[in-house]
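Fair warning: this is a prediction, and the values are worked out from it, not measured in the lab. Note that the numbering runs from 1 along the sequence shown for the chain.
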Amino acid sequence: MKVSKFTGSVVAIAISTVLSAQAADDRYIIQVDNSKKGIVKALAKQLGGDVKIDGNGFLAASFAGKDLESVKGLLNNPHIKVIEEDHRRIPLSVYNDDAGNPMTGQVTPYAVYQSQANQVNFNASAGMKVCVIDSGLDRSNPDFEWNSITGDNDSGTGNWDENGGPHGTHVAGTIGAANNNVGVVGMAPGVDMHIVKVFNADGWGYSSDLAYAADKCSNAGANIISMSLGGGGANSTEENAFKSFTESGGLVVAAAGNDGNNVRSYPAGYSSVMMIGANDADNNIADFSQFPSCSVTTGRGKKATTTTDETVCVEVTAGGVDTLSTYPADGATSSALTADGSFFASSSMENSGSASGNTYFMGTAESIDSSANGKVCVIDRGNISFHDKVQNCENSGGVGAVIINNEAGMLYGTLGDTNATTIPAVGGAFEDRTALLAATSMDITIGTSDYGFMSGTSMATPAVSGVAALVWSNHNNCTGTDIRNALKATAEDAGAAGNDVYFGAGIVKAAAADAYLTANGCGDVVEPPVGDIALSANGYRSKGKNKVDLSWSGASTADVDIYRNGSFYRSTANDGAYTDSFRTYGSYTYNVCDAGSTNCSENVTVTF
């Protein structure tokens, strides 16, 4: 399994955190029939509760200093069905400010090509609508069909078309930025959207906010709910809201999370919600993309049974690393670098402004060099800080600085908290080093932009939401579940052969899904055949160890590849049998494949 790593420095904002199971801010959800809500609402207030949301079949209220059991004791009323914790929900993204100049022309993000969205025409007359639950969509960005966008204001979060941070605007652009010769283009250009702003000024909301927002999405006539957010803990109110939307024919899509571990985040972890992971431009999994197990254990002790449920883990992935999309006007920092008149990718470091001049190579710029006077310094990374390199360039009379990475990829960095330099400085890619050193003149510009880069499963999620809207617009007799199944059936396999916990079914492909539905129609979409290999597994204890006897038939190569828990385990001779041995406990899922092939067996799980 290849893993994409960031190089250099990145600015991390609003990273997903798995929250405690304790009720956030002493806040709870109270499920109650609408006809009895007035009685319960009055009782809650009488007992010191502060009612925050009056939703369909539930109330959300805070009780200062009270834990869940205390609140249950206070609200001992026959009209109340359930009282449960109201978990926080936060945006899931890692900010990564990078270069590009979509201010003067339309740029197509790499994920559009990777997902084949450019190969399918969006049918604007199909009535598709995507409901984006996030931090709002700022009206200052011109790259939207504003006549096709609606939203809901909220007294706690403000107007839907005024951003509560750039996250929601970036997400919306990936879904539906217009095809208008400027800025970027979305997966489903110009698709109708409904915006529900759930994040407060501090950048988070609650699970009850999402349940309430689901009703708003439904009332607005949305086909798809897109949520680039999540957090720890599940509750039935939130789960039921999305289950209801799905059962009514809709599709709910949510981010897997950015902590790079196997923790299940919610709402993505509910079976009715399609969980999305992130990959990079090279089809590698992003190192931040969470990968919860697909195994579900019910019962305890000897009665425990473990099954595989591919609806509670990553189902597909899409581009989510260095994703270019829309920002509130002037909300992003951008850089532009030309050398001998040719454009080169760069990253802004510090100090807005422009610089032009002949070039001078300062090596690693560890000292003042008067030969740099009046020139753009070209500098290698290494030995001293970025700040000191730029300071030495400026003290030498240099007018601007380009620092080139010393390893593959773009150099991302800043000049530190005590930056004392004033000349514009940008990072350059190692792959461009030869061309940049050979250049005789350079132009550098650092300024603000309406477009910028972010990374996270938050960016992959709207890519899948947009692809779903695009495909569905050409097959509008399908249900959301039909679209979900088609996207999985036609995803490009990546990572370990077959379904794995990192990529799920693979990288989403719009044109393949469109062709699949054209050939097969809607209804029960038939998954591609697993293969010709039959596998059985027998688990047992022997001499203090757990052992699993694998037996298979139908493999056609001299050796076979064995996968355990979604990852390649080992190759062995195709003699029909292998015994695995270990001392650890848990669930172990196996499949056997022809060597180097996708001809594989079904998954078989053994639990100790």
Side-chain angles (χ1 to χ4, degrees), residues 14 24 27-31 34 51-61 84-92 129-137 149-165 167-169 171-172 175-176 192-231 233-255 265-270 272-274 276 458 461-462 465 469 480:
R27 183 162 154 156
Y28 304 91
I29 301 173
I30 306 160
Q31 291 185 19
N34 287 331
V51 176
K52 303 295 186 180
I53 290 180
D54 185 343
N56 182 17
F58 71 91
L59 301 169
E84 54 192 356
E85 297 160 359
D86 198 357
H87 301 286
R88 284 192 183 191
R89 297 293 180 248
I90 61 175
L92 301 174
K129 182 179 286 188
V130 181
C131 190
V132 183
I133 302 176
D134 209 283
S135 64
L137 170 56
I149 301 174
T150 56
D152 281 304
N153 294 326
D154 186 279
S155 59
T157 59
N159 295 333
W160 65 268
D161 56 355
E162 295 174 0
N163 80 87
H167 191 268
T169 301
V171 163
I175 294 171
D192 289 1
M193 287 188 280
H194 187 77
I195 310 299
V196 182
K197 186 177 179 181
V198 296
F199 294 132
N200 59 24
D202 293 324
W204 47 263
Y206 292 94
S207 54
S208 61
D209 293 319
L210 303 191
Y212 192 54
D215 282 340
K216 292 179 178 291
C217 294
S218 182
N219 293 337
N223 308 91
I224 299 168
I225 293 177
S226 185
M227 294 179 290
S228 295
L229 47 82
N235 66 59
S236 61
T237 303
E238 183 180 50
E239 181 178 19
N240 290 340
F242 297 121
K243 182 180 179 182
S244 176
F245 187 88
T246 299
E247 289 177 346
S248 296
L251 173 65
V252 185
V253 183
S265 180
Y266 294 92
Y270 299 128
S272 62
V273 179
M274 189 176 192
I276 309 302
S458 279
T461 297
S465 299

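- Proximity of Ile175 to Val132: side-chain heavy atoms (C-beta onward) are separated by under 4.5 Å at one or more points.
- Put simply, the residue from Asp134, Asn163, Ile133, Asp209 that forms a side-chain contact (heavy atoms from CB on, under 4.5 Å) with Phe199 is Asp134.
- Of the inter-residue distances, the one linking Ser226 atom OG with Met193 atom CE reads 10.0 Å to the nearest 0.5 angstrom.
- Taking CG from Leu251 and CD1 from Ile224, the interatomic distance works out to 5.5 Å, rounded to the nearest 0.5 Å.
- Once rounded to the nearest 0.5 Å, the distance linking CZ of Phe242 with CD of Glu247 reads 14.0 Å.
- For the pair Lys197 (side chain) and Glu162 (backbone), a donor-acceptor distance under 3.5 Å is present.
- Two residues are said to be in side-chain contact when any heavy atoms from C-beta on lie closer than 4.5 Å; Leu229 and Trp204 fail this criterion.
- The closest donor-acceptor contact from the side chain of Lys216 to the backbone of Val196 lies at 3.5 Å or more, if one exists at all.
- A side-chain hydrogen bond (donor to acceptor under 3.5 Å, both in side chains) with Ser208 is found for one member of Arg89, Lys52, Arg27 and no other, namely Arg27.
- Between the side chains of Ser207 and Glu84, no donor N or O sits under 3.5 Å from an acceptor N or O.
- Of the inter-residue distances, the one linking Glu85 atom CD with Ile29 atom CD1 reads 9.5 Å to the nearest 0.5 angstrom.
- Under the 30°/60° scheme for interplanar angles, the aromatic rings of Tyr270 and Tyr266 are found to be tilted.
- The minimum heavy-atom distance linking Ser228 with Pro462 is given by the pair OG-CD, 3.4 Å.
- Nearest heavy-atom pair, Val273 versus Ala254, reported as atom, atom and distance to 0.1 Å: CG1-CB, 3.6 Å.
- The minimum heavy-atom distance between Val252 and Ser272, with the atom names listed, is CB-O, 4.2 Å.
- Residues Leu137 and Ala172 approach most closely at CD1-CB, 3.9 Å, considering heavy atoms.
- In this structure, the side chains of Ile149 and Ile195 come closer than 4.5 Å at one or more pairs of heavy atoms.
- Counting all heavy atoms, side chain and backbone alike, Ser265 lies closest to Gly231 at OG-N, 3.2 Å.
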- Could you check Asn235 against Tyr28 for side-chain contact (heavy atoms from CB on, under 4.5 Å), going step by step and ending with a plain yes or no? CA-CA 10 Å; Asn235 66 59; Tyr28 304 91; over 6 Å; no

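- Between the side chains of Asn56 and Asn34, at least one donor-acceptor pair of N or O atoms lies under 3.5 Å.
- From Asp54, atom CG reaches atom OH of Tyr212 across 7.0 Å, with rounding to the nearest 0.5 Å.
- Interatomic distance, CD1 of Ile225 versus OG of Ser218, reported as 7.5 Å (0.5 Å rounding).
- Considering all non-hydrogen atoms of both residues, Phe245 and Ala214 come closest at CD1-O, 4.5 Å.
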